There are 2 protein chains.
Amino acid sequence: MSPRYSLEPVIQESTPSIIARKLRYAIAHGAVAPGSQLGEAELARELGVSRGPLREAMQRLTQEGLLISIRNRGLFVIEMTDAEIRDMYVLRTAVESAACKMLVGAGHVASGQDLLSKVAEMENAAVTGDHAAMSDADMAFHEHLVALSGSRSLVRIHTTLMIETRMCLAVLQYSHRVTDEWIEEHRGIAEAVRGGDGLLAQSRLNDHEDNALAQLTSAPASASIDSRRTRTRTRS
Amino acid sequence: MSPRYSLEPVIQESTPSIIARKLRYAIAHGAVAPGSQLGEAELARELGVSRGPLREAMQRLTQEGLLISIRNRGLFVIEMTDAEIRDMYVLRTAVESAACKMLVGAGHVASGQDLLSKVAEMENAAVTGDHAAMSDADMAFHEHLVALSGSRSLVRIHTTLMIETRMCLAVLQYSHRVTDEWIEEHRGIAEAVRGGDGLLAQSRLNDHEDNALAQLTSAPASASIDSRRTRTRTRS
DNA sequence: CTCGTTTTAATTGTCAACAATTCTAGCTCT
DNA sequence: AGAGCTAGAATTGTTGACAATTAAAACGAG
């Protein structure tokens, strides 16, 4: 990895972008609890920037749906109810299903092989018992699936959805016994893509997302999703 | 005081929201040409607000994809190429198709009737030759289709997509001969929903979007892989 | 002891001024 | 005359301070 050839672009990332990226990472990995308030002054002081750029970054995250803004009250990290998680998965399934449909017909064999390599990474993570790596590989598979479609629209929407997914995953723990069938589901999708059978890939994808959703919503350990102090106002 | 039974919430819309809404409307209806630059100082002076709230509004539109921001250069209204329009329709079809799938099974008869009333509005607009009303009714149909699904995620994404669609429609003019078959396509979708046949509705929706896309772009739409309704897996 | 009012503190919303960067035009040198 | 360089103007990026609004706590009356 010689850094000579991959020197970073000269266009410096704008300050709001940097802030937004850091906040996204913090939210996605559970560093800030869902439902907690993000004070502008506090964050600005902590990050060493002024409130102007920080407000723009917050604006982006609000637009993406990661934060909710209550006028003259403040910004809060979203608390996703089961219904909202289900709703998110509806959109996510729609996006990934559309990606599947685009994959077949244009180099689906190479795409399938590519996805199978991601499945191999998942297996490696599974045998070592590394839950974080398992989660990363899982998300990498889905991100790669959408990226292979070549659709910028789908990728953009999907990126946001994966952040929300990660946020949900950060709360609960994996159970060991589901990883095996999970891997098999991914392999099934990848093989369907390699075989060029779009409908089969879509149906398998549907089933997979349904299973993943069931893990997130009906899991007994997911009762601690909402934060300790639940002072959320339903009426805004 | 006349008694109002549906008093609207007193929450006053934030200034950036108002600005964003006005700008969206202006962009969607072609009041500002695609590719033109939007100067912050000029707009702020014109709207009678400061640059702070205006920047937040611009930030939203940039996030939505209606503007592109070039650092230290300015903000410009997007110019959508044919490829980008096609890409947008991929996402739009995915969203509306997912909405269709949700419609069947839960009061699909009422939903179908509801959609058919929208088709009737299109017919009224067609006989009077009012192209603007025709366009409005067309978009109302699709917005209603997604709204009936009850999914907030789908509605949110779709709203942005319809603005971009409107922006594209503002540029070109309608040709008379396509309106009739256009109406029939909508009616077909509505009737499929009323009949509870989700797959038929999806396939008809696919075909309809392909046709609409062909009207917008000069190049032919990318090969519609599996727009046909097929229960058996096709293997070519 | 409870309900209503008032005060107070903290937060966001807004604004005007300053700094940094980029494009353009004019100039000089070859 | 053409290419390269330099100075100017215009724009955005950033900052700090001030105003408006809200929620909660303290207080007093019934």
Side-chain angles (χ1 to χ4, degrees), chain A residues 8-23 27 32-79 227-236, chain B residues 8-23 27 32-79:
Chain A
E8 55 200 32
V10 200
I11 307 104
Q12 56 180 349
E13 196 178 2
S14 70
T15 307
S17 293
I18 300 173
I19 301 172
R21 187 159 42 80
K22 290 200 173 190
L23 282 177
I27 293 174
V32 287
S36 60
Q37 182 174 6
L38 300 179
E40 288 186 1
E42 178 188 351
L43 269 180
R45 191 169 54 246
E46 190 171 334
L47 292 170
V49 295
S50 185
R51 276 181 56 206
L54 187 125
R55 273 181 75 86
E56 290 192 12
M58 302 287 236
Q59 194 71 38
R60 287 194 202 184
L61 297 189
T62 303
Q63 181 76 14
E64 291 173 6
L66 271 68
L67 303 178
I68 57 172
S69 170
I70 304 179
R71 192 180 161 87
N72 290 318
R73 279 288 302 276
L75 292 146
F76 303 84
V77 182
I78 54 167
E79 290 180 273
S227 65
R228 288 181 292 276
R229 52 190 189 283
T230 58
R231 53 177 182 178
T232 53
R233 275 263 199 269
T234 54
R235 286 180 55 86
S236 61
Chain B
E8 52 205 29
V10 255
I11 49 159
Q12 55 181 351
E13 198 177 2
S14 70
T15 307
S17 292
I18 300 173
I19 301 171
R21 187 159 42 79
K22 290 199 173 191
L23 283 176
I27 293 174
V32 288
S36 60
Q37 182 174 7
L38 299 179
E40 287 186 2
E42 178 188 352
L43 269 179
R45 191 169 54 247
E46 190 172 333
L47 292 170
V49 295
S50 185
R51 277 180 56 206
L54 187 126
R55 273 181 75 87
E56 290 193 11
M58 302 287 237
Q59 194 71 38
R60 287 194 202 185
L61 297 188
T62 303
Q63 182 75 15
E64 291 172 7
L66 271 68
L67 304 178
I68 56 172
S69 172
I70 305 179
R71 192 179 162 88
N72 290 319
R73 279 287 303 277
L75 291 147
F76 303 85
V77 183
I78 55 166
E79 289 180 277

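Because the structure is a prediction, the values reported are computed rather than measured. Any value given below was found using the heavy atoms of this structure, including those in side chains, with hydrogens, waters and symmetry copies removed. Residue numbering restarts at 1 for every chain, and letters A, B, ... go by the order of the sequence lines.
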Starting at atom [atom1] of [X], determine the distance to atom [atom2] of [N], rounded to an integer number of angstrom.
| X | N | atom1 | atom2 | result |
| --- | --- | --- | --- | --- |
| B:Leu75 | D:dG13 | CG | P | 7 Å |
| B:Ile68 | D:dT12 | CD1 | C1' | 15 Å |
| B:Leu47 | C:dC15 | CG | C1' | 16 Å |
| B:Glu40 | C:dC15 | CD | P | 14 Å |
| B:Gln59 | D:dG13 | CD | P | 9 Å |
| A:Asn72 | D:dA19 | CG | P | 16 Å |
| A:Ile19 | D:dT15 | CD1 | C1' | 13 Å |
| B:Glu42 | D:dT11 | CD | C1' | 12 Å |

*Select base, sugar-phosphate, or nothing to describe what B:Gly52 touches, counting heavy atoms under 4.0 Å on all strands.*
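Counting heavy atoms under 4.0 Å across all strands, no contact is made by B:Gly52.
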*asked:* Any base atoms under 4.0 Å from A:Leu38, or only sugar-phosphate, or nothing? Heavy atoms, all strands.
replied: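 Sugar-phosphate contact only - A:Leu38 comes under 4.0 Å of backbone atoms but never of a base.
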_CD1-OG1 distance between B:Ile68 and B:Thr62, expressed to the nearest 0.5 angstrom_ =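 It comes to 9.0 Å.
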Counting only side-chain nitrogens and oxygens, does [X] get under 4.0 Å of the OP1 or OP2 atom of [N]?
| X | N | result |
| --- | --- | --- |
| B:Arg51 | C:dC15 | no |
| A:Arg55 | C:dG13 | yes |
| B:Ser14 | C:dG13 | no |
| A:Arg73 | C:dT12 | no |

*Options D:dT15, C:dT14, D:dT14, nucleotide nearest the side-chain atoms of B:Thr15*: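 Selected nucleotide (nearest to the side chain): C:dT14.
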*For the side chain of A:Pro53, counting heavy atoms from C-beta on, which of C:dT14, D:dT12, D:dT14 is nearest?*
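Per side-chain heavy atoms of A:Pro53, the pick is D:dT14.
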May I ask you to test the [X]-[Y] pair for a side-chain heavy-atom distance under 4.5 Å?
| X | Y | answer |
| --- | --- | --- |
| A:Leu47 | A:Leu54 | yes |
| A:Met58 | A:Leu43 | yes |
| A:Leu67 | A:Leu38 | yes |

*asked:* Hydrogens and angles aside, do B:Arg60 and B:Ser17 bring a side-chain donor and acceptor to less than 3.5 Å of each other?
replied: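 Yes - a donor-acceptor pair under 3.5 Å links their side chains.
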